[in-house]
Structure formats: C-alpha cells, structure tokens
Asks: 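Input: one structure, supplied below.
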Amino acid sequence: EAGVAQSPRYKIIEKRQSVAFWCNPISGHATLYWYQQILGQGPKLLIQFQNNGVVDDSQLPKDRFSAERLKGVDSTLKIQPAKLEDSAVYLCASSLRLAGGGSEQFFGPGTRLTVL
Amino acid sequence: GENVEQHPSTLSVQEGDSAVIKCTYSDSASNYFPWYKQELGKRPQLIIDIRSNVGEKKDQRIAVTLNKTAKHFSLHITETQPEDSAVYFCAAKNNDYKLSFGAGTTVTVRA
C-alpha cells in the first residue's frame, strides 16, 4: 500500500513570510496527525484529526499556526507569519483509528522548513 | 500531560553486542508503547510496540519489556549490526490518544 505523502520536502523562507504544507494520509486512515520535530528532539504533536474533526490542538500555536482537513482526507498546515524558531521538520502521520488495534501511526517523509 | 524520558541520549556498541534503551513515563493511564527507528534524513518507522496488558514482546533481534508498576519500558537489540545505527524514539499513548515521544537515543554500531 502507498505510504503517507507530504509536500514540499524542503522549504526555505524568510521570517514573517507564510508557508503551507500538504499531507495525504494512507487510504482509509481516519486519524491524521501533524508533528513538529526540532533537530535533536523527538516529534511533538501539534494537532490531531479524526476524519475532519479536531481531536486535540492543545500544543498548536494558534496565533500563527492553522490546520485543516476539510474532506477528512488530505490536510494542510499553515504558518503565518513564520518565526526563526519554527525551523524544524514537520511530519504528518496517519492511523486507521485512534485507539486499540490499528492505532499504529505511519509517518510521512516530512517537510524540512528553514526560516532565515 | 504525559512526560516520557529516555536514556541514554547516545549509545555506542560494538557490532554483535547488545543495546538497551530505557524509557519512563508519568501517566499511569498510558496503555500503548511504540518504538520508532529514524535513520538520518528519513521518516520514523515503527519497529515494535507493546500494549499495557503484555509484559514482554519479541521480534527476531528486537524485544521490548514493560513494567507498569514502575512505569518504565525498555528496548533490547541483540547481535547488533551496522544497519541498526539510527536514532530510536520511545513513545507512550494515554487515554487522550496523544502519543508523547522521548527525546531519542542515537545508536552507533561500531564495525
């Protein structure tokens, strides 16, 4: 089966600019996650969707970050305006369901964002 | 929220030796504990996981143990090979369905 797809793979922007990332989860996976991975650290959950509804966005900096999954499939994550500390790899993941068997998360290749 | 601590941060082993990585978690309600391997510049990939109703699980050269009372779990890699060199992350999922990751262990297998 095809894996989680993300684009772009790399993005370089200047601070205060805007950027958007796209994710296409594994077909049939109801749950979609966006993580931020700063160099040398583990992934940190930003937002979690179940179909097109938000399950958790408690760690999403809502003054500058936004995410949507309008049709319950693809998702976009936007940063507006970007700050230097937003430089990181943004990982999208998906799972069949939230909990129990099938809750294993599969990660995409990530988007490496550099903010200058 | 859940807090996962992982040790050591770096681990260097001779090829053929064993490697052990330990993690502790804070939320006693956590019930799912996956381990991910991330090679340089690549995506994290699940290598093994364990649920709270199981104490130990093994898959070829990889094993994971869970001590619910002490709230810690460990990854054991036996007969290490150069291709085992990577960053390994432990994680814990609680009833809020959030997966909290440790900071990672960089494993280097010396030939």
Side-chain angles (χ1 to χ4, degrees), chain A residues 2-7 9-10 21 23-26 29-51 53-60 88-112 114, chain B residues 1-10 21-27 29-54 57 59 64 73 75 86-107:
Chain A
V4 177
Q6 289 187 248
S7 67
R9 293 294 312 278
Y10 306 91
F21 312 130
C23 173
N24 179 241
I26 293 173
H29 279 197
T31 314
L32 186 147
Y33 315 78
W34 282 102
Y35 289 89
Q36 180 192 58
Q37 187 175 23
I38 293 173
L39 187 64
Q41 298 181 19
K44 183 186 88 172
L45 180 69
L46 293 175
I47 189 167
Q48 182 172 320
F49 292 94
Q50 176 73 1
N51 296 310
V54 175
V55 174
D56 188 292
D57 63 357
S58 57
Q59 298 190 92
L60 187 73
V89 174
Y90 290 84
L91 292 163
C92 179
S94 71
S95 65
L96 197 57
R97 56 182 66 91
L98 273 178
S103 64
E104 295 84 356
Q105 295 184 24
F106 298 86
F107 284 85
T111 296
R112 182 177 297 278
T114 302
Chain B
E2 177 66 276
N3 181 44
V4 178
E5 295 192 357
Q6 183 171 348
H7 300 281
S9 57
T10 61
I21 303 170
K22 298 182 179 181
C23 289
T24 60
Y25 61 98
S26 60
D27 189 344
S30 289
N31 52 27
Y32 173 64
F33 307 91
W35 286 87
Y36 285 84
K37 175 182 180 182
Q38 188 174 29
E39 297 177 15
L40 190 62
K42 296 190 176 181
R43 73 189 75 189
Q45 291 196 301
L46 181 72
I47 55 172
I48 194 167
D49 57 11
I50 191 167
R51 299 189 184 276
S52 58
N53 58 348
V54 175
K57 184 177 178 180
D59 183 3
V64 58
F73 55 114
L75 178 73
V87 180
Y88 292 81
F89 292 98
C90 63
K93 179 183 278 193
N94 59 17
N95 288 335
D96 288 340
Y97 309 120
K98 282 167 46 173
L99 200 56
S100 297
F101 284 82
T105 297
T106 301
V107 174

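Every chain is numbered from 1, with letters handed out A, B, ... down the list of sequences.
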Asks: Should F107(A) and L46(B) count as side-chain neighbours, where that means a heavy-atom distance under 4.5 Å?
Replies: no

Asks: Looking only at heavy atoms, what is the nearest atom pair of F101(B) and P43(A), with distance?
Replies: CD1-O, 3.5 Å

Asks: Measuring from atom OH of Y36(B) to atom CZ of F106(A), what distance do you get when rounded to the nearest 0.5 angstrom?
Replies: 7.5 Å

Asks: When only pairs under 4.5 Å are counted, which of A93(A), P109(A), G110(A) shares the most heavy-atom pairs with chain B?
Replies: P109(A)

Asks: Taking the side chain as every heavy atom from C-beta outward, state whether Q105(A) and P44(B) have any atom pair closer than 4.5 Å.
Replies: no

Asks: Any chance you could lay out the salt bridge (charged side-chain N to carboxylate O under 4.0 Å, His left out) test for R51(B) and E104(A), step after step, and finish with the verdict?
Replies: CA-CA 11 Å; R51(B) 299 189 184 276; E104(A) 295 84 356; 3.3 Å; yes

Asks: Please classify the contact between Q48(A) and chain B as side chain, backbone, both or neither, with a heavy-atom cut-off of under 4.5 Å.
Replies: side chain

Asks: When heavy-atom pairs shorter than 4.5 Å are enumerated against chain A, which of T106(B), L99(B), N31(B) gives the highest number?
Replies: L99(B)

Asks: If I measure from the heavy atoms of chain B, does S58(A) come under 4.5 Å with its side chain, its backbone, both, or neither?
Replies: side chain

Asks: Name the region of Q38(B), side chain, backbone, both or neither, that has any atom closer than 4.5 Å to a heavy atom of chain A.
Replies: side chain

Asks: If you count heavy-atom pairs within less than 4.5 Å of chain B, which of Q37(A), R112(A), Q6(A) leads?
Replies: Q37(A)

Asks: Which value, rounded to the nearest 0.5 Å, describes the distance between D56(A) atom CG and K98(B) atom NZ?
Replies: 4.5 Å

